[in-house]
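All chains are named by letter (A, B, ...) in the order of the sequence lines, taking the proteins before the strands, and each is independently numbered beginning at 1.
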Number of protein chains: 2
Amino acid sequence: MWFDAEQSVTSSDKTFVALRQAIVEGDIPAATKLSEAELAGRFGVSRAVVREAINRLESCNLIERKANVGARVVSLTPAGLIELYQVRESLEGMAARLAATEMSQTEISELQALLGEHYDGVQQRQSYYQEAGDVDFHYRIIVGSKNQHLISLLLNGIYHLVRMYRVQLGMAGPRVTTAFDEHRQIVTAISNRDPELAEILMRRHIQYSRRNIESKLAQS
Amino acid sequence: MWFDAEQSVTSSDKTFVALRQAIVEGDIPAATKLSEAELAGRFGVSRAVVREAINRLESCNLIERKANVGARVVSLTPAGLIELYQVRESLEGMAARLAATEMSQTEISELQALLGEHYDGVQQRQSYYQEAGDVDFHYRIIVGSKNQHLISLLLNGIYHLVRMYRVQLGMAGPRVTTAFDEHRQIVTAISNRDPELAEILMRRHIQYSRRNIESKLAQS
DNA sequence: AAGGCTTAAATTGTCGACATTGTTGGCGAG
DNA sequence: CTCGCCAACAATGTCGACAATTTAAGCCTT
């Protein structure tokens, strides 16, 4: 499912990607202290490449660093989740707004087709497909904004954190049918070239998503 | 004027800050190729610290890197400026919205006091004060949002780029009186605890600012 | 026994050298 | 004369070792 067209060529890249996945998937639990030496041994590389990987992880907001002390994986807190979704609401709302004017007709058609596939998946209750379909939907709108800053901030910065919360809080993929309706409304607004409505609907969609995760968080 | 409470203790930090300033101020022109060896010699440090500084500069979107090729300072383009201001509009709009509910009464009072000082500066046509006052105004609202992601994205990521455009396109500081009115309206909305209005006004304020810079850009 | 100081261990920060990759110039074939 | 291959060069990527700082333990004092 993953949209990394950029192949990681250098050793640092591979270590970075591997570490990021380990953190996001929870193989390295939240709030874990990261020892450069230990990681270097585990990945069979030098400490320099681990350092570079850690630096890049830090700019993804997946780890926190203190000078002369070390790095540790971020802690997942309810407050942090809310803050994350506030930023996401802001950025993805703008992405939807821009997508309404910047996406080509071809891209919009593909988005509508994706919505159709998504609908089939929902009918058959394929939960794995729901998750992938949701990510793909948001991904296309973000890219459709044609704004490099937005794309970079969301795909490199926010989405891995969002996924980390989802995975580690055990979000399977409920809220599918309602989410599908919201998706359809957003696509309609975009194909009508209505930026204001697209932004409003996307922001509400993310607000609902946040509240859904919050309620899950409160249960556990 | 600068608000870096975080003192740079390590050698990488100092190199990073120095390099960032050199790039933002234009001492190192846009689109310049950055040689690790040369910079290491110029700053009197090892290549490793220059590498780390360059990595951090990259996550600020001030330089671009290609594997096995090298790094170069970003190019300033009209399209890039527009994209940057679109993101800024989105994020600072959300910051104003959050500030309207999250800022303490004390912080709001200080913001109003700052507005008064700013007014005096405008009366006396102190252009240096106008620039500093504008930055300080936006800074307080961003911090007032109490959202760590927002604060980090804007202060570490966006603002240095904005400043780079301002400095290198020779923006002295016009648009002061109108901007002052806009600032006052925003403060009023925040002190009235009106999130929606605060966001709308901030977004319009940044849209105006963008158009102003765009017209300057078209002249040259 | 509790607290603070000193010292030792471990971790991070920095350095110089080596390996690998990309680039540039020249040479030769067509 | 142009195109393509090859080699030397320069730049980035990686590594192991040393230096500086933080942390922990141990000892001494009170």
Tell me the interatomic distance from E58(A), atom CD, to dG13(C), atom P, rounded to whole angstroms. 10 Å

When you measure from the side chain of S59(B) to the backbone N and O of R56(B), does any donor-acceptor pair fall under 3.5 Å? yes

Would you kindly give the CZ-to-P distance between R51(B) and dG13(C), to the nearest whole Å? 16 Å

For a quick test of reading the model: is some side-chain N or O of K33(A) closer than 4.0 Å to OP1 or OP2 of dT12(C)? yes

R65(B) has an atom CZ; how far is it from atom C1' of dA11(D), in whole Å? 12 Å

Please enumerate all protein N or O atoms sitting under 3.5 Å from an N or O of nucleotides 15-18 of chain D, with distances to 0.1 Å.
residue : atom : partner : partner atom : Å
dC15(D) : OP2  : S46(A)  : N            : 2.7

Distance under 6.0 Å and angle within 45° of the ring axis: does R88(B) meet both against Y85(B)? yes

Taking the basic N atoms (NZ, or NE/NH1/NH2) and the acidic carboxylate oxygens, is any pair closer than 4.0 Å for R51(B) and E52(A)? yes

Tell me the interatomic distance from N68(A), atom CG, to dA10(C), atom C1', rounded to whole angstroms. 13 Å

Consider the side chain of T10(B), meaning its heavy atoms from C-beta on, and name the nucleotide among dT12(D), dT22(D), dG13(C) that approaches it most closely. dG13(C)

Value in whole Å for how far the C1' atom of dT21(C) lies from CG of D13(A): 14 Å

Under-4.0 Å salt bridge between R203(A) and E92(A): no

Results of side-chain hydrogen bond (donor to acceptor under 3.5 Å, both in side chains) for S145(A) - residues two or more places apart only: none

Write down the distance between CG (N55(B)) and P (dG13(C)), rounded to a whole number of angstrom. 14 Å

Decide, yes or no, whether a salt bridge links R97(A) with E89(B) under the criterion of side-chain N to carboxylate O below 4.0 Å. no

Measure the acute angle between the ring planes of F137(A) and H183(A), then classify it against the limits of 30° and 60° as parallel, tilted or perpendicular. parallel

Distance, rounded to the nearest Å, where E52(A) contributes CD and dT12(D) contributes C1': 10 Å

Which of the following nucleotides, dT12(C), dT12(D), dT23(C), is nearest to the side chain of V69(B)? dT23(C)

If you look at every strand shown and take non-hydrogen atoms under 4.0 Å, does I54(A) touch a base, only sugar-phosphate, or nothing? nothing

In whole angstroms, how far is the C1' atom of dT22(D) from the CZ atom of R72(A)? 14 Å

Side chain of S12(A) only, please: which of dG22(C), dT21(D), dT14(D) is the nearest? dT14(D)

